[in-house]
Number of protein chains: 2
Amino acid sequence: MARRGTSKTLSGDVYSQLRDAILLGQVRPGERLKPTALREEYDVSISVVREVLTRLAEQRLVVAEPNQGFSVAPLTRAHLEELVEARCSIEGLAIRMSVARGDLEWESKVLAVHHRLEGTPIWLEGPEKVINPEWVSVHAAFHATLLEACGNSIILDVCASLFDMAELYRRWNETGTSTVTRDVAKEHRDLAAAALEHDAELAEKLLVEHIRTTRDMALTGIPALAREAAGEQPA
Amino acid sequence: MARRGTSKTLSGDVYSQLRDAILLGQVRPGERLKPTALREEYDVSISVVREVLTRLAEQRLVVAEPNQGFSVAPLTRAHLEELVEARCSIEGLAIRMSVARGDLEWESKVLAVHHRLEGTPIWLEGPEKVINPEWVSVHAAFHATLLEACGNSIILDVCASLFDMAELYRRWNETGTSTVTRDVAKEHRDLAAAALEHDAELAEKLLVEHIRTTRDMALTGIPALAREAAGEQPA
DNA sequence: ATCGCAATAAGAATCGATAGTTAGCTCAGG
DNA sequence: CCTGAGCTAACTATCGATTCTTATTGCGAT
């Protein structure tokens, strides 16, 4: 039997592992997630795998078709557009509240996590451009921290969930394919600065732009979406 | 074995049944949901029960404590406050979009579902004041329809989920205990009217007031919350 | 009497086996 | 050559048994 990790339950461990695998792009959007295969990979029983898949399906990271099993959520143009609109509205709301209410402790935290982000390379060493899992995690923490002082854990939950869904689109962006150029580090720097100066309006504006730029990258940088935009079949 | 209902899978059926049972207040907030008992009640195996509980936990209608099983989400003052704030912000956003964008078809639907709501009695016949499940469902449909034209299914999902969480607070309100008085039918009527006239600002204002009034009712009308407010232990 | 430990019982998590479903293939009939 | 009923293989959903965890109770030591 598989030994327990950091979580209290076996399924909790497998849950975080599979979730990370999906968010890190180790399995393709739309690809089927066969319980039997996962059972072997994680060395747990089928029931545990099903529980994990069920949880991920409830969060829409995975889709469940009755009697046809589970697959990683597919990437589509329409979904991306809705997701971006939702994030702009809701995360926009949250950052305004957060920047307005944030106290000294929050400021310190923003500063700290932004510094950490600046010091973490996006790509792993080596010839292949493979994303640094550490960067993914710090990047998520940076965005979460910006919103954190909004003081409403329900809103924060919603934002975290939307951010996760968007992670898939960030991940499957092929570098070099997109015609859009950007300076992500600068966007983050400006965002942090606006937050620290408690300029809620500016912070919201920068966050919205940041999210929209990511969308524009994805629309041209993800082959399936670029094709879809050109009127062809999605992959 | 339990026979299949409307859903494609057995667990899908049990899911809706248990969910309804919780939303209709057939099991008390905080009460434990023992797999063995539910297994017998629904005549399905323990695995199906666990899958259902896992899904409900993911939506926060149920809480899962590792190695201590599941229970219906408890009602607390702090949670209610956050929920109300979140609903005002997010549903407010959605209704503004919806009212601005709604077309003729949407108007007709609002009119129809509001008429249906007016014609459905809140309480079932009889001496006991027991809520009419039909009203609960039409009421949910009315609120969903108001937001529907916002055109963003992700935002609608979030709103539906928040509305469900709030259902618990509506349900456990004991009539007569609250000092707050209201005319719910009028609130709904005004809301529908503002929507039909495409007055987005007014519709948002009315919706926010509607949600806040519900909160005020709950704070005095739910014994556990009233006690909590008075500085005592929550039930 | 109170504390701490061990035994126990109740219940939760995990397992592998069985039943049920769907998609794909084969082959007879048109 | 096409169609579709029936078969088959692959996979999904459901089941009940087993293993593991936690809370409780009883008992002896302080």
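Throughout, a chain's letter reflects where its sequence line sits, starting with A, and its residues are numbered from 1.
The CG atom of A:Leu33 sits 14 Å away from the P atom of D:dC11 (whole-angstrom rounding). Put simply, CZ on A:Arg39 is 17 Å from C1' on D:dA10, counting in whole angstrom units. In this structure, B:Gln68 atom CD and C:dA12 atom C1' are separated by 10 Å, rounded to whole Å. Distance, A:Leu53 CG to D:dT12 P: 10 Å, rounded to whole Å. Regarding A:Glu65, its CD atom lies at a distance of 12 Å from the P atom of C:dT22, rounded to whole Å. Atom CD1 in B:Ile46 sits about 11 Å away from atom P in D:dA17, given to the nearest Å. Between the CG atom of A:Asn67 and the P atom of D:dA13 there is a distance of 6 Å, rounded to whole Å. Atom pair B:Leu10:CG and D:dC15:C1' shows a separation of 10 Å (rounding to whole Å applied).
A close approach under 4.0 Å does occur between a side-chain nitrogen or oxygen of B:Lys34 and OP1 or OP2 of C:dG11. Using a 4.0 Å cut-off, some side-chain N or O of B:Ser45 falls inside it from OP1 or OP2 of D:dC15. At D:dC11, none of the side-chain N or O atoms of A:Arg32 fall inside 4.0 Å of OP1 or OP2 (strictly under the cut-off). For C:dA12, the OP1/OP2 oxygens have no side-chain nitrogen or oxygen of B:Arg50 closer than 4.0 Å.
Residue pairs that meet the side-chain hydrogen bond (donor to acceptor under 3.5 Å, both in side chains) test with at least one member in residues 17-41 of chain A, sequence neighbours left out, are A:Arg19-A:Asp164. Screening residues 119-128 of chain A for side-chain hydrogen bond (donor to acceptor under 3.5 Å, both in side chains) gives no qualifying pairs among residues at least two apart or on separate chains.
For the pair B:Arg170 and B:Phe163, the cation-pi test (distance below 6.0 Å, angle within 45°) is passed.
In this structure, B:Glu51 reaches neither bases nor backbone, as no heavy-atom distance under 4.0 Å exists between it and the strands shown. Contact annotation for A:Ser11: backbone-only contact, meaning every heavy-atom pair under 4.0 Å involves sugar-phosphate atoms and none involves a base.
Below 30°, between 30° and 60°, or above 60°: for A:His139 and A:His143 the angle between ring planes is above 60°, a perpendicular geometry.
A donor-acceptor distance shorter than 3.5 angstrom exists from the side chain of A:Thr54 to the backbone of A:Arg50, with no hydrogens or angles considered.
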